Structure formats: structure tokens, C-alpha cells
Amino acid sequence: MKVPSVIDLTQELVRCATPNPPGNEAPAADIAARYLRTAGVEVTLLPLAVGRNNLLGRVRGSGEKRSLVYCGHFDVVAPGDMPWSHPAFGAEIEAGLMFGRGTADMKGGVASMLAAVARISASGVRLRGDLVFAGTCGEEVDMVGARQLLQWDGWPNTEAIFISEPTNLNLVVAERGVVWLKLAVKGKAAHGSTPQLGRNAILMLGEALRRLNPHSFTHERHPLLGSPTLNVGLVRGGTKINMVPDYSEAQIDYRLVPGQTAEGVVEEIRQVLERYRREQPDFRYEVSVMSTYPPMTTDPGLEIVHHARRVGETLWKRALQPGGATYFTDAAVLAPGTGKPVIILGPGDPAQAHQTDEHVPVHQLEEAEEYYTRLALEWL
Ligand SMILES: [Zn+2]
């Protein structure tokens, strides 16, 4: 039987649609499990819920060295409302690009890691430490899979975690954290013809939002991650055109840099809002945290980072300067939860993630497979 190439495997995974919500990652995990087992890899499926499981694949080493963990998520975001030039789950290849939801984020990355692990296992080479593939559920929504994975007993004996999210095959050792906030404003209803009798919650919310400037927040510019950002992603309020709205709310996406905490940001937002309330005593509000993940940084001076860099520089004959990512990944759970360094490198342009016509250059899939093969063989 012909072993599927990394390209075949990426296509198979993309065609197995796993938009989250609801996730339904089990069929994709099954594809990965079958593929790894054929190559002699020990596979465990870890059930989370109906239709959802994490996967652990392990190539056993002699135990002289600590394990390397390769990690990727099986879920994708929905295709969205815009029309695609190629079917969203078709994995069609045109002019060297594979199109489809998840080609870049991150079934291409998952396939390149699976192919590397399978290749090493099938070769029968004796490793000095375990090589592990961890496939997760739920990264796009709540990281439920990464959270479950924290219970794995192999973490203390792990050297480092690699995640193949799209970086255009660049080396990423830091990512910003996030705090998602809800700002709710209460006003007073009145007839639209007599607005002076009400207190307009929408107008007060607008003024409050105008005063939140991300750069006014206490922070130190990070060499790899820059400054924090703030985006108002959703606003709700009002019931009818001829009524003064008595309630409105905004959802705010604040990206943290190292040194900042969710509590600190909330406190600073409160200070801004309190200043506004002193000018406008009718302004009544509530700020609540919907969810938060801390920033992740890996020390670029670690030997494993040097190794990760050398392998890529040798393969691709270009400088591989450790950089930062603006987005967050499973590392937001795995790095603080395990205390292990996380390095992100994968095929595809990060700007393609969550976009219509998402695609990945096919040659990057092969390059990533080669990279992850060498990385493990030379370290272990
Ligand atoms: Zn992703």
C-alpha cells in the first residue's frame, strides 16, 4: 500500500470538515490515528465529548533524553458568508496552492507533523527520547482540548512543545495574550420624541468607547510583540427607532503584551470610565471579563530554540530570527499549564487564517514535513 504523502494527508484532513462550533473533530482524529498506526506509532484517543477527542501518538525512545511534543489542532473556523473561488472543503490544488478551510490554520501543519512522526517511526531509527504528536480539539473556540491535555502524565519529562500553526515557516517564540471584555451601559428609556426625558445608553456607550485608547494603558513595548491593541468587535443596544435605549453593550478584544494582566487592564478601564462618570453622573456601567489567556514567551536563548533555528537555517539557507505572533494558540493554555517552552513554526501565511479562499503553498507542506523530521532526528 502506498503511504499517503503530506499533500494527500492534508487534502484528506481538509475534506473532513471540522468547523467549530460544534467541532466534531473525531473523524479527523481518526484519520490521524489510522495514518500513525500504519507507521507503527502507538496511538491513544482521549474522548472529550460525543464526536470529539484529542489524540496522542507516541514513538518511544530509550529515555536518555526528554520528549519532544508536536502539537496541532483538528478544528477549523466556519467558511464564512463570502463566496469562495474553490470549494471550502475541497482541498483543490491550483498553481501550487491548496485551497480550503484549514489548509493554513492548521491541517497543513498537522499533516506535516503527522508525516514526520510516521516517517521516523516507520524508519525504525532508535530515538533517545519519545517523539509525541498531540492533536487537540476546540482551539478555535475555548481550547477545551488543550485544557484536557494538561492532565497528560508525560509533561514533566518533556523538553519542549512545537506547534505548527501557520508562520510561513518562520520561528515564533512569543504570542500576545488576550482579554475579552463586556462593557454594559444602563440608561433610561423614554419616547423617541422626548429624548430629554431619557438617558441614551447607546450614546453613553459610544462616548465611553471613544475614551479607551490602547496606548494609554500601562505597558512596556515588547521587542517581539510590540504594544497592546484594543478592538471593539461587537455592539448591541436599542429596541426601536422611536425609543431612547435604556441598555447597550460592547464586546472588547484586548490583546495583552508580557507584563500586563487581565486584572490590570480591567482596573485601568474602570479608571477611565470612572473619570467619565464624574463628568456624566447618569453614566452607569458594568465591566466583566468573558475570557482571558496570558501572553506566552519562550526564552530565545534556550538550546532547543537554537536547535530549531539551526535546522531551518540549514534546510532553507535563510536567517530564522525568533519572532512574535499577534494571534494566540493552544500555547496560551499549554505554556502556563505545563511550564514548558513552546515554539511555533508551520506552513502557510498567518494572514490566511480565517480568510475566504484560505490556502497554503504545497511546497511549504513538504518543507515543514522535512523540517519536523530533521528537528526530531537530530535532537533525539
Ligand atoms: Zn489555529
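We count ligands from 1, going down the list as the structure has it; atoms in each ligand are counted the same way. Residues take their numbers from the sequence shown, with the count starting at 1. Everything numeric here is computed off the predicted structure, so don't read it as measured data.
The side-chain contact (heavy atoms from CB on, under 4.5 Å) test applied to Val172 returns Thr167, Ala325, Ile344, not counting sequence neighbours. The side-chain contact (heavy atoms from CB on, under 4.5 Å) search around Pro294 returns Pro336, not counting sequence neighbours.
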Report all side-chain donor-acceptor pairs from residues 249-256 shorter than 3.5 Å, counting only partners two or more places apart or in another chain.
{"unit_1": "Glu249", "atom_1": "OE1", "unit_2": "Tyr247", "atom_2": "OH", "d": "2.6"}
{"unit_1": "Glu249", "atom_1": "OE2", "unit_2": "Arg236", "atom_2": "NE", "d": "3.4"}
{"unit_1": "Glu249", "atom_1": "OE2", "unit_2": "Arg236", "atom_2": "NH2", "d": "3.2"}
{"unit_1": "Asp253", "atom_1": "OD1", "unit_2": "Trp180", "atom_2": "NE1", "d": "3.2"}
{"unit_1": "Asp253", "atom_1": "OD1", "unit_2": "Arg255", "atom_2": "NE", "d": "2.6"}
{"unit_1": "Asp253", "atom_1": "OD2", "unit_2": "Trp180", "atom_2": "NE1", "d": "3.2"}
{"unit_1": "Asp253", "atom_1": "OD2", "unit_2": "Arg255", "atom_2": "NE", "d": "3.4"}
{"unit_1": "Asp253", "atom_1": "OD2", "unit_2": "Arg255", "atom_2": "NH2", "d": "2.8"}
{"unit_1": "Tyr254", "atom_1": "OH", "unit_2": "Gln260", "atom_2": "NE2", "d": "3.1"}

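Counting heavy atoms from C-beta outward, Arg101 and Phe89 have side chains that approach closer than 4.5 Å.
Of all protein atoms, those of element N, O or S that lie under 2.8 Å from the Zn ion (ligand 1) number 4.
Between Tyr276 and Phe283, the ring planes lie tilted relative to each other; the angle falls in the 30° to 60° range.
Remark: Lys65 is positioned above the aromatic ring of Trp379, its terminal NZ or CZ atom under 6.0 angstrom from the ring centre and at most 45 degrees off the axis.
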